[in-house]
Amino acid sequence: MRFSANLGFLWTDLHLPEAILAAGSAGFDAVEFHAPYAFDSAEVAAALSQSSLQVMSLNTSFGDRDGDFGVGAVPGREAEARGYIDQAITYATDIGCPAVHVTAGHTKRAEGCETAYRANLAYAAAEGAKANITILIEPISSDTYHLGCIAQGLETINAVGAPNLKLLVDCFHAWHTEPDLTTAFEEAADHLGHVQFASLPDRHEPDLGVVDYAELLPRIVAMGYTGAFGAEYHP
């Protein structure tokens, strides 16, 4: 198994290139980012090369308005969403990142939001395919975020029908929304693009808490998952 340091949670006191080096020194196999766009991609690529780390994923920009957490499913902001998608794919290409997570935003699944989301994801998948990049979507345990559970994510993936559109499953969120984590991963296995984990219920170091990852993570691998496991926790 390979482990990826999520630098949106870990080493947040350091500038991103320094955080990449810290992750390498700590023994991680890879890193992943939230929104790295404040840093020049060449500088980030140099730090990745120096640390010999892979980068697994990055997010599209969250948006520039108060309360934004992505705009991928927000009607009326399609041009902005596609601009963020283009930005993310370009940045990912520059640093050798194989996956882009399109952040959906807080919509409460209002009328028209899923239609906008699917159209933007179809665009992202088509553009990503040109660069051999996987597009990820993530269910988040929130009353307002557009995707709230794995079933909704799978419905969206099946509706868009793009082979490079995959599910990002964060164990922290899935534990709050799914009856059972093992069953949830079995249901998502055919469309699983990335996995993140942390202790539950407090989202700290993953060797603590109520979920035994020494048992769960090998099960996920046995289901056919070949990617890295993203450590997305508050130290």
Side-chain angles (χ1 to χ4, degrees), residues 4 6 8 30-37 41 44 54-63 68-75 77-107 109 113-140 145-170 173-174 184-185 187-196 220 224-230 232:
S4 171
N6 189 297
V31 290
E32 55 198 62
F33 313 137
H34 283 174
Y37 308 110
S41 60
V44 170
Q54 293 181 294
V55 55
M56 303 310 300
S57 66
L58 55 84
N59 292 346
T60 55
S61 175
F62 293 134
D68 277 349
F69 194 60
V71 300
V74 181
R77 299 178 72 178
E78 287 87 352
E80 184 180 352
R82 296 183 187 197
Y84 293 148
I85 289 165
D86 292 342
Q87 176 191 41
I89 289 173
T90 298
Y91 200 103
T93 301
D94 288 347
I95 65 172
C97 178
V100 166
H101 168 216
V102 176
T103 50
H106 295 295
T107 71
R109 296 188 72 81
C113 294
E114 180 66 11
T115 298
Y117 192 39
R118 292 178 184 182
N120 287 331
L121 290 174
Y123 173 84
E127 294 301 306
K130 298 175 185 177
N132 198 30
I133 286 174
T134 296
I135 303 301
L136 300 172
I137 58 174
E138 178 185 8
I140 292 178
Y145 192 74
H146 184 72
L147 279 185
C149 64
I150 286 175
Q152 291 173 351
L154 292 176
E155 183 180 358
T156 296
I157 287 171
N158 288 328
V160 174
N164 63 329
L165 180 60
K166 302 291 184 180
L167 200 65
L168 190 169
V169 177
D170 183 333
H173 293 296
F185 278 104
E187 292 172 351
D190 290 343
H191 299 285
L192 193 58
H194 191 49
V195 177
Q196 296 171 334
I220 297 170
Y225 179 68
T226 59
F229 291 96
E232 187 176 80

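Throughout, residue positions are numbered sequentially from 1 according to the sequence presented.
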> Is it true that atom CG of N132 has more than 12 heavy atoms of other residues, nucleotides or ligands lying nearer than 6.0 Å?
Replying inline: no
How long is the straight-line distance from [atom2] of [Y] back to [atom1] of [X], given to the nearest 0.5 Å?
| X | Y | atom1 | atom2 | result |
| --- | --- | --- | --- | --- |
| I140 | Y145 | CD1 | OH | 4.5 Å |
| L192 | Y225 | CG | OH | 6.0 Å |
| I133 | T90 | CD1 | OG1 | 8.5 Å |
| S4 | Q54 | OG | CD | 9.0 Å |
| L165 | R118 | CG | CZ | 11.0 Å |
| H101 | F33 | NE2 | CZ | 16.0 Å |

Of all residues at least two apart in sequence or in a different chain, which pass the side chain to side chain donor-acceptor pair (under 3.5 Å) check with [X]?
| X | answer |
| --- | --- |
| D86 | Y123 |
| T93 | none |
| E187 | none |
| R82 | N120 |

Answer yes if the side chains of [X] and [Y] hold a donor-acceptor pair under 3.5 Å, and no otherwise.
| X | Y | answer |
| --- | --- | --- |
| H146 | E114 | yes |
| E32 | S57 | no |
| H34 | N59 | no |

Find out whether [X] and [Y] are in side-chain contact, i.e. whether some heavy atom of one side chain is under 4.5 Å from a heavy atom of the other.
| X | Y | value |
| --- | --- | --- |
| I157 | K166 | no |
| T103 | Y84 | no |
| M56 | C97 | no |
| D170 | E232 | yes |
| V100 | I85 | no |

>> Checking V71 against E78 for the side chain to side chain contact (heavy atoms under 4.5 Å, CB included) test, could you report, in this order, the C-alpha distance in whole Å, the side-chain angles of both residues, the deciding distance, and whether it holds?
In response: CA-CA 8 Å; V71 300; E78 287 87 352; over 6 Å; no
Shortest non-hydrogen separation from [X] to [Y] and the atoms involved:
| X | Y | value |
| --- | --- | --- |
| I95 | S41 | CG2-O, 3.5 Å |
| G128 | I89 | N-CD1, 3.6 Å |
| P75 | C113 | CD-SG, 3.6 Å |

Which donor-acceptor pairs under 3.5 Å do side chains of residues 148-155 form with protein atoms, sequence neighbours excluded?
residue : atom : partner : partner atom : Å
Q152    : OE1  : G148    : N            : 2.7

>> Evaluate F185 against V195 for side chain to side chain contact (heavy atoms under 4.5 Å, CB included), listing each step before the verdict.
In response: CA-CA 10 Å; F185 278 104; V195 177; 3.8 Å; yes
>> Does the plane of the ring in Y37 sit parallel, tilted or perpendicular to the ring in Y91? Use 30° and 60° as the thresholds.
In response: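 Answer is perpendicular, since the angle exceeds 60°.
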>> What verdict does the side chain to side chain contact (heavy atoms under 4.5 Å, CB included) test give for V102 and L136, after you've listed the backbone C-alpha separation in whole Å, the side-chain angles of each residue and the deciding distance to 0.1 Å?
In response: CA-CA 6 Å; V102 176; L136 300 172; over 6 Å; no
>> Donor-acceptor pair, distance only, cut-off 3.5 Å: does the side chain of N164 make one with the backbone of A125?
In response: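 Yes, because the side chain of N164 sits within donor-acceptor range (under 3.5 Å) of the backbone of A125.
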> Taking only residues at least two apart or on different chains, which pairs with a member in residues 123-139 satisfy salt bridge (Lys or Arg N to Asp or Glu O under 4.0 Å)?
Replying inline: E127-K130
>> Check D68 with R77, please: is the shortest side-chain N to carboxylate O separation under 4.0 Å?
In response: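 Yes, R77 and D68 are salt-bridged.
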> Would L147 and Y117 count as a side chain to side chain contact (heavy atoms under 4.5 Å, CB included) if you check the C-alpha gap in whole Å, the side-chain angles of each, and the deciding distance to 0.1 Å?
Replying inline: CA-CA 10 Å; L147 279 185; Y117 192 39; 3.4 Å; yes
